[in-house]
Number of protein chains: 2
Amino acid sequence: MSNRQPIGVFDSGIGGLTVLKELLGRLPDESFVYFGDTARVPYGTKSAEAVKRFTRESVTLLLDRGVKMVVIACNTASSEVLPEFEGEFPVPIVGVIEPGVRAAVAATKRRRIGVIGTPGTIRSGAYQSKIMARLPDAVVIPQACPLFVPLVEEGWIDTPVTRLVAREYLRVYENAGIDALVLGCTHYPLLKPVIADTVGEGVELVDSAIETAREVARVLAERGLAGSGGGGEFHIVLSDTAPSFGDIATRFLGRRVPDIELVSVV
Amino acid sequence: MSNRQPIGVFDSGIGGLTVLKELLGRLPDESFVYFGDTARVPYGTKSAEAVKRFTRESVTLLLDRGVKMVVIACNTASSEVLPEFEGEFPVPIVGVIEPGVRAAVAATKRRRIGVIGTPGTIRSGAYQSKIMARLPDAVVIPQACPLFVPLVEEGWIDTPVTRLVAREYLRVYENAGIDALVLGCTHYPLLKPVIADTVGEGVELVDSAIETAREVARVLAERGLAGSGGGGEFHIVLSDTAPSFGDIATRFLGRRVPDIELVSVV
């Protein structure tokens with residue numbers, strides 16, 4: 001395993017580009033291969049079995065590209081598969097759940113934490129159980145927000161509809177006394193202003209993308225895998241591309257997306 | 001080909017159950033095999049290439065079950081693939097576009113017609129060009145409504161959010177003078193009350209599910225394939241099942257869904 005090999009980043013679609021964006025900012029000496037399984041997106045409303053199978057295929061695809069590490073930048077995939085994947089692959093695999101949990105535990109003072117995500121992520125109970133393992137007397141209030149992903153993909157980042165949907169989903173946190181809210185889906189950082197206004201002051205939003213980039217830096221250092229210059233490049237591979245891809249991806253990545261490579265996985 | 005063989009009904013997910021519901025009501029002497037490609041749903045936001053490949057595999061799966069006819073109860077699949085599929089398979093294949101077009105042309109007096117659907121259906125231009133082929137001086141106003149499908153799947157059939165989203169998407173029809181609006185997606189019949197209120201009186205909503213059931217009856221009669229009693233049964237096959245499936249499917253089918261069979265296609 002050479003330090004000059006790229007880091008693989010995987011997501012069910014293009015939401016993981018928010019994680020790639022943080023990785024590019026924090027790790028200028030690394031290069032990246034991003035794989036988005038856009039032919040089968042979304043995972044968040046599918047069964048655990050399907051998610052496991054798709055994720056295993058996707059990680060294998062990245063390993064075939066010679067990556068030195070894989071970041072599973074998808075909350076649903078991280079929560080459904082990561083425990084089982086430990087040790088199955090020859091490179092370190094970092095998910096987005098553990099970093100988010102660590103940040104939430106550090107942020108809360110009242111030990112009352114909200115977690116929002118797709119139905120798959122919330123149903124898995126991954127955030128809830130990992131937070132409770134570290135803070136056994138915490139109160140964790142989970143809430144699935146299935147419409148947030150299509151709203152972001154439609155580009156309705158801050159519209160009256162978005163605010164009304166946020167009010168519906170986040171009503172569960174009214175008077176709930178939480179002081180930290182985990183954004184447990186890679187799409188949600190784009191909705192931060194609306195979510196922050198809805199839950200009000202005094203609630204810290206935990207952005208898994210930022211926390212995951214920190215975790216990746218830590219693991220690279222720990223395993224002696226950190227690159228030493230010549231980084232900053234990234235290559236995007238997708239299993240399908242719809243005409244709206246470019247606009248949405250640019251919004252997620254915060255910069256123009258270069259040419260993409262299409263592969264068939266299904 | 002025996003008249004006692006079932007009719008195959010295919011959709012990218014479970015939206016096609018609205019078509020199955022109409023078929024069961026109109027054709028009591030027939031039995032049905034429904035296949036929903038729930039592992040890869042939705043098709044409406046994916047590329048034409050992906051939709052073609054997935055649809056070909058799905059039709060083949062139904063043929064392997066010995067169906068005497070295939071109904072492609074998915075607007076996206078019908079619009080992307082049907083012209084190419086003509087003659088490729090040994091049984092009649094009926095889509096949802098042509099029946100909707102015929103009903104819209106019959107309904108309009110002012111020759112001003114709206115068409116709503118997924119981005120894939122609208123982008124394909126299938127409704128637009130087929131209507132213009134029959135009514136060359138018609139004005140057709142298409143509008144993609146990507147949030148309607150997730151709203152229906154979330155069960156938000158008539159909520160303030162649903163009404164606000166409908167107002168946004170259907171604003172294009174204010175003062176546009178249309179007198180017919182094609183519901184070009186199998187999910188949309190569930191939103192009929194909200195859509196009708198939003199576009200106001202004097203606009204006839206064309207429900208492809210109802211029109212397709214009529215077309216299937218016509219083709220069965222024409223080809224001498226109509227069943228003669230012993231029908232009313234249906235079997236549901238899916239490529240994935242999420243925990244929310246039962247509730248949503250019951251809403252679409254208007255009755256309890258029997259045991260389903262899971263198959264792997266991907």
Side-chain angles (χ1 to χ4, degrees), chain A residues 12-14 37-54 57 76 80 118-120 122-124 144-156 159-169 238-245 247-248 260 262-266, chain B residues 12-14 37-54 57 76 80 118-120 122-124 144-156 159-169 238-245 247-248 260 262-266:
Chain A
S12 56
I14 55 180
D37 190 8
T38 40
R40 301 187 287 201
V41 75
Y43 286 6
T45 49
K46 288 168 192 166
S47 72
E49 282 320 301
V51 171
K52 276 177 203 169
R53 189 152 45 87
F54 299 168
E57 289 169 16
T76 306
E80 301 278 22
T118 64
I122 295 303
R123 189 179 64 231
S124 77
C145 305
L147 286 167
F148 277 178
V149 167
L151 277 169
V152 169
E153 301 211 330
E154 175 67 325
W156 291 14
T159 70
V161 167
T162 316
R163 292 190 170 260
L164 196 54
V165 171
R167 219 152 60 218
E168 278 299 318
Y169 284 142
L238 302 176
S239 54
D240 185 37
T241 178
S244 57
F245 167 77
D247 290 344
I248 301 176
I260 58 145
L262 265 183
V263 295
S264 177
V265 293
V266 294
Chain B
S12 56
I14 56 179
D37 190 7
T38 41
R40 301 187 286 202
V41 75
Y43 286 7
T45 49
K46 288 168 192 168
S47 72
E49 282 320 302
V51 170
K52 277 177 202 168
R53 189 151 46 87
F54 299 168
E57 288 169 15
T76 306
E80 301 278 22
T118 65
I122 295 303
R123 189 180 63 230
S124 76
C145 306
L147 286 167
F148 278 179
V149 166
L151 277 168
V152 169
E153 301 212 330
E154 174 68 324
W156 291 14
T159 70
V161 167
T162 316
R163 291 191 170 259
L164 195 53
V165 171
R167 219 150 62 216
E168 278 298 317
Y169 284 142
L238 302 177
S239 53
D240 185 37
T241 179
S244 57
F245 167 78
D247 291 345
I248 302 176
I260 58 144
L262 265 183
V263 294
S264 177
V265 293
V266 293

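Keep in mind it's a predicted model, so treat the numbers as computed, not measured. Reminder, nothing fancy here: chain letters follow the sequence lines and each chain counts from 1.
- The two atoms that bring A:Lys46 and B:Ala39 nearest to each other are NZ-O, 3.1 Å, heavy atoms only.
- Partner B:Leu164 forms a side-chain contact (heavy atoms from CB on, under 4.5 Å) with one of A:Leu164, A:Val165, A:Thr159 and no other, that one being A:Leu164.
- Neither the backbone nor the side chain of A:Glu153 comes within less than 4.5 Å of any heavy atom in chain B.
- Taking 4.5 Å as the limit, every side-chain heavy atom of B:Asp240 sits out of range of all side-chain heavy atoms of A:Glu49.
- Both the backbone and the side chain of A:Val41 come within contact range of chain B, judged by heavy atoms closer than 4.5 Å.
- Contact annotation for A:Pro119: neither backbone nor side-chain heavy atoms come within less than 4.5 Å of a heavy atom of chain B.
- Only the side chain of A:Arg123 has a heavy atom closer than 4.5 Å to any heavy atom of chain B.
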